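One structure is given here, and the rest of the page talks about it.
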Amino acid sequence: MSDATAPLTAAGVDRTRIRRGRAFHAFLLFSVAIGFVLLITLLVDVAIDGIPQLTWHFLTSAPSTLPERAGLRVAILGSIFLGLLLIAFTVPIGVATAIYLEEYANRERWYNKALEVNIQNLAAVPSIVYGILGLAFLVRGLEMGRVLLAGALILTLLVLPTVIVASREAIRAVPDGIRQGSLALGATQWQTIWRQVLPAAIPGIATGSILALARAIGETAPLLLVGALTFVSFNPTLLGPFTAIPIQIFQWVSRPQAEFKLLAAGAIIVLLIILLAMNSFAVWLRNRHTREY
Amino acid sequence: MAQATTEGTFAAAQPAPRLLRRGTRWGEMLVKGVMAAAALISVATTIGIVVALLTPAIDFFREISIIDFLTGTRWAPLFEPAGFGVLPLLTGTFVVTMWAMVIALPFGLGSAIYLSEYARPRVRKVLKPALEVLEGIPTVVYGFFALLFFTPLLQGIGVPLQVFNPLSAGIVMGIMIIPTVASVSEDAMHAVPQDLRAGAYGLGASRLQVATRIVVPAAISGIIAGFVLGISRAIGETVIVLIAAGNLARITFDPTKAIQTMTAFIASTGQGDVPTGSIEYKTIFSVGLTLFVITLAINIISIRLVRKYREVYE
């Protein structure tokens with residue numbers, strides 16, 4: 001190695017080595033910084049284009065083919081309805097699955113192992129594939145059409161693995177002593193789960209569910225197949241056509257007129273504010289209710 | 001219930017109190033059944049995905065031979081004469097994924113090394129969640145940024161880009177994926193026992209040497225798992241490429257020219273009103289199946305690798 005013959009400094013360390021160390025350190029700092037540079041550039045770019053769009057008219061009007069009349073109301077309502085349906089569907093199913101896996105399932109059994117691998121694999125399936133599932137079974141198969149309920153069901157399946165994983169972690173974090181204490185006092189297994197384990201796990205479950213929900217609210221690809229109607233000018237209903245904020249952004253970006261691109265920037269700001277609020281709430285919840293056992 | 005009557009007759013002879021209630025607790029069984037049923041929904045999802053993809057895809061391969069599909073160089077299902085060779089879509093996906101990885105792999109690994117080996121605990125505690133904010137931004141926002149900011153920026157500094165191009169989409173996607181690669185790699189590095197580092201420092205190694213010659217090799221399977229996960233995300237990413245990389249299926253490795261990826265094809269065809277049962281409709285599923293098989297294979301490799309590194313340090 002050339003290092004060995006390089007001149008030594010007073011401290012007995014050669015200079016090339018120091019230089020290499022510094023260069024490497026600089027590379028590492030750059031690696032971390034590049035993401036933040038992109039993030040800040042993106043936010044500034046969107047803010048410059050988008051903030052002037054944020055008028056009361058923009059937030060409360062229906063979409064229009066004329067950019068100066070177009071608004072985000074229908075998309076905002078669509079996203080809110082999707083979010084409410086998602087909570088109603090994913091939380092019970094996700095928590096029940098987590099309870100089964102953590103409290104009831106015998107992990108030695110092959111089918112329980114298969115179940116775990118299955119959930120892991122589902123989490124890695126590209127979201128567009130869920131869109132295909134929705135297109136094949138809900139929109140065309142059951143002939144539901146491109147309706148809000150179909151969109152909500154597909155997003156439910158999409159985020160279910162995330163909710164299950166988060167709920168399992170929260171349930172696992174409840175110390176065994178609490179379960180054993182409860183069982184020793186004569187409670188049945190379900191009484192133990194319902195009155196001791198779940199209440200202790202609720203903050204963790206809520207945090208995980210909100211984060212998963214935030215992910216679903218920003219999701220575009222599966223909704224393009226299940227929902228995206230080019231033009232919905234009335235408020236969404238459960239079994240009617242709908243649009244959502246990400247879809248609306250996508251449509252506005254895809255239009256050639258520059259005015260629509262500005263509207264897209266405005267809609268992005270609204271979407272980011274909603275997501276930021278949800279994420280902050282989740283973090284607040286976690287910090288407030290974290291209990292040390 | 002027959003049990004209860006026999007218990008009754010014995011009760012007179014043996015008055016000792018019974019502590020355990022015998023018989024089945026139907027309520028408990030019911031609850032367990034409901035929980036198991038909920039767990040089955042995720043199994044049903046997998047079966048649903050496989051059936052939804054396979055049934056029309058098999059139909060499709062009755063009309064178009066699977067060899068023509070996999071080796072054909074012309075993808076034009078909506079044109080006359082139609083071409084059903086998936087290679088243009090595969091190369092499109094490959095080009096975007098490659099550029100995403102050119103960014104995500106080195107900088108993801110760099111971020112992981114920084115967080116695990118260089119950053120002070122307090123800095124790490126702030127940086128790690130901050131980096132994950134990148135993942136929380138919806139992909140449609142990145143698509144907007146790639147098309148309307150990054151492509152013009154690159155054109156401005158003299159890169160001869162078309163309006164839609166995989167270079168810009170790939171780079172923006174790569175930066176988005178940095179936290180994914182970093183997080184998995186960092187977990188693996190964090191699991192490397194402190195003794196190994198102490199040993200190397202004791203022999204006079206520098207921080208650079210400890211990081212690159214001790215920690216990275218020791219955590220290599222976890223790092224590869226992070227890389228693989230990043231690749232899988234890039235292949236499955238839809239909206240960024242749909243907005244910024246174009247919708248023109250052709251075989252080219254030139255990242256400045258518009259292409260079409262598998263995901264972009266599915267999204268752009270699936271949102272239209274192609275009639276159910278037509279060959280155009282079935283192409284959605286044959287391409288979807290191809291995409292699903294590729295990402296599934298990649299994910300299985302990743303799970304294996306993660307398990308392998310877990311075995312080493314637990």
Side-chain angles (χ1 to χ4, degrees), chain A residues 17 20-21 24-25 27-29 31-32 34-35 38-39 41-42 45 93 96-97 99-101 104 115 118-122 124-129 131-133 135-137 140 157 160-161 164 188-190 214 218-221 224-225 228 246 249-250 253-254 261 264 268 271-272 275 279, chain B residues 25 27-28 31-32 34-36 38-39 41-43 45-46 48-49 52-53 56 106-107 110-111 113-114 118 127 131 133-134 136 138-141 143-145 147-149 172 175 178-179 206-208 232 235-236 238-239 243 263 266-267 270-271 276 284-285 288 291-292 295-296 299 303:
Chain A
R17 195 171 133 155
R20 266 191 212 162
F24 188 63
H25 199 156
F27 165 73
L28 297 184
L29 285 175
S31 304
V32 178
I34 184 173
L38 174 105
L39 191 64
T41 321
L42 187 154
D45 177 48
I93 302 173
T97 306
I99 289 174
Y100 174 76
L101 285 171
Y104 289 106
L115 191 61
N118 177 51
I119 292 170
Q120 249 178 320
N121 276 324
L122 276 181
V125 171
S127 61
I128 188 85
V129 172
I132 297 181
L133 177 70
L135 180 71
F137 279 124
R140 304 282 170 108
L157 297 182
L160 205 48
I164 293 172
T188 66
Q189 193 174 9
W190 174 243
E219 192 62 67
T220 318
L224 285 176
L225 297 193
I249 295 170
F250 174 75
V253 170
S254 311
K261 301 196 158 124
I268 286 175
L271 181 61
L272 290 181
L275 295 184
N279 281 293
Chain B
R25 289 186 182 272
E28 291 285 311
V31 168
K32 184 178 174 181
V34 171
M35 301 294 134
I41 288 179
S42 62
V43 179
T45 308
T46 306
I49 288 175
L53 289 173
F107 298 131
S111 302
I113 294 177
Y114 184 78
Y118 280 69
L127 270 187
L131 205 56
V133 170
L134 278 174
T139 50
V140 70
V141 179
F144 172 93
F145 182 74
L147 177 70
L148 298 176
F149 184 87
V172 170
I175 297 177
I178 287 177
S206 67
R207 200 144 65 149
L208 161 68
S232 151
I235 292 175
T238 306
V239 184
I243 293 177
T263 52
I266 295 169
Q271 52 175 310
T276 310
I284 299 174
F285 300 89
L291 176 71
F292 180 69
T295 48
L296 185 69
N299 188 43
I303 290 178

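The chains referred to below are lettered A, B, ... by the order of the sequence lines, with proteins before strands, and numbering in each begins at 1. Everything numeric here is computed off the predicted structure, so don't read it as measured data.
- The candidate with the highest count of non-hydrogen atom pairs below 4.5 Å against chain A, out of B:G236, B:G288, B:S232, B:S206, is B:S206.
- For B:A39 against A:Y100, the heavy-atom pair with the smallest separation is CB-CD2, 3.8 Å.
- Annotation for B:N299 and A:Q120: closest pair ND2-O, 4.0 Å, computed over non-hydrogen atoms.
- Of all the heavy atoms in A:L133 and B:A52, the pair that sits closest is CD1-CB, 4.0 Å.
- Contact of A:I119 with chain B is made through the side chain alone, with heavy-atom distances under 4.5 Å.
- Under the side chain to side chain contact (heavy atoms under 4.5 Å, CB included) criterion, B:P56 pairs with B:K282, B:F285, not counting sequence neighbours.
- The shortest side-chain heavy-atom distance between B:I41 and A:L157 falls under the 4.5 Å cut-off.
- At least one side-chain heavy atom of B:F145 sits less than 4.5 Å from a side-chain heavy atom of A:T41.
- Between A:F27 and B:G110, the closest heavy-atom pair is CE2-CA, 4.1 Å.
- Between the OG atom in B:S111 and the CG atom in A:L29 there is a gap of 10.0 Å [rounded to 0.5 Å].
- Within the 3.5 Å criterion, the main-chain N or O of B:T46 finds no donor-acceptor partner in the side chain of A:N118.
- Only the side chain of B:L148 comes within less than 4.5 Å of a heavy atom in chain A; its backbone stays farther off.
- Taking CD1 of A:I268 as the reference point, atom CZ of B:F144 lies at 4.5 Å (rounded to 0.5 Å).
- In this structure, the side chains of A:V129 and B:L53 come closer than 4.5 Å at one or more pairs of heavy atoms.
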Evaluate B:Y114 against A:F24 for side-chain contact (heavy atoms from CB on, under 4.5 Å), listing each step before the verdict. CA-CA 10 Å; B:Y114 184 78; A:F24 188 63; over 6 Å; no
Output, in order, the C-alpha distance, side-chain angles, deciding distance and verdict of side-chain contact (heavy atoms from CB on, under 4.5 Å) for B:M35 and A:T97. CA-CA 6 Å; B:M35 301 294 134; A:T97 306; over 6 Å; no
Passes side-chain contact (heavy atoms from CB on, under 4.5 Å), B:V31 versus A:Y104? Steps please. CA-CA 10 Å; B:V31 168; A:Y104 289 106; 3.7 Å; yes
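- Interface residue A:L272: only side-chain heavy atoms are found under 4.5 Å from chain B.
- Both the backbone and the side chain of A:A221 come within contact range of chain B, each with at least one heavy atom under 4.5 Å from a heavy atom of that chain.
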Could you give me the CA-CA distance, side-chain angles and deciding distance for A:H25 and B:R207, then say whether side-chain contact (heavy atoms from CB on, under 4.5 Å) is met? CA-CA 9 Å; A:H25 199 156; B:R207 200 144 65 149; 3.8 Å; yes
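- Judged purely by atom type and a 3.5 angstrom limit, A:T220 has no side-chain atom pairing as donor or acceptor with the backbone of B:V239.
- The heavy-atom pair separating A:P246 from B:V140 by the smallest distance is O-CG2, 3.8 Å.
- Heavy atoms of A:D45 lying under 4.5 Å from chain B belong exclusively to its side chain.
- Atom CG of A:L135 sits about 5.5 Å away from atom CD1 of B:I284, to the nearest 0.5 Å.
- Remark: B:F107 CZ to A:I34 CD1 distance equals 4.5 Å, nearest 0.5 Å.
- Ranked by non-hydrogen atom pairs under 4.5 Å with chain B, the options A:V125, A:V253, A:I128 are led by A:I128.
- Taking 4.5 Å as the limit, every side-chain heavy atom of B:T263 sits out of range of all side-chain heavy atoms of A:P126.
- Proximity to chain A (any heavy atom under 4.5 Å) is restricted, for B:T295, to the side chain, taken from C-beta onward.
- Within the 4.5 angstrom heavy-atom criterion, atoms from both the backbone and the side chain of B:I266 approach chain A.
- Proximity to chain B (any heavy atom under 4.5 Å) is shown, for A:V32, by both the backbone and the side chain.
- Residues A:G218 and B:P138 approach most closely at O-CB, 3.4 Å, considering heavy atoms.
- Around atom NZ of B:K32, no more than 12 heavy atoms belonging to other residues, nucleotides or ligands sit under 6.0 Å away.
- For the pair B:E28 (side chain) and A:T188 (backbone), a donor-acceptor distance under 3.5 Å is absent.
- Heavy atoms closer than 4.5 Å to chain B are found in both the backbone and the side chain of A:F250.
- How far CG of A:L38 is from CD1 of B:I175: 4.5 Å, rounded to the nearest 0.5 Å.
- Annotation: the span from B:T45 atom OG1 to A:N121 atom CG amounts to 12.5 Å, rounded to 0.5 Å.
- Proximity to chain B (any heavy atom under 4.5 Å) is shown, for A:L101, by neither the backbone nor the side chain.
- Annotation: maximal heavy-atom pairing with chain A below 4.5 Å, among B:I235, B:I178, B:T139, B:L131, occurs at B:L131.
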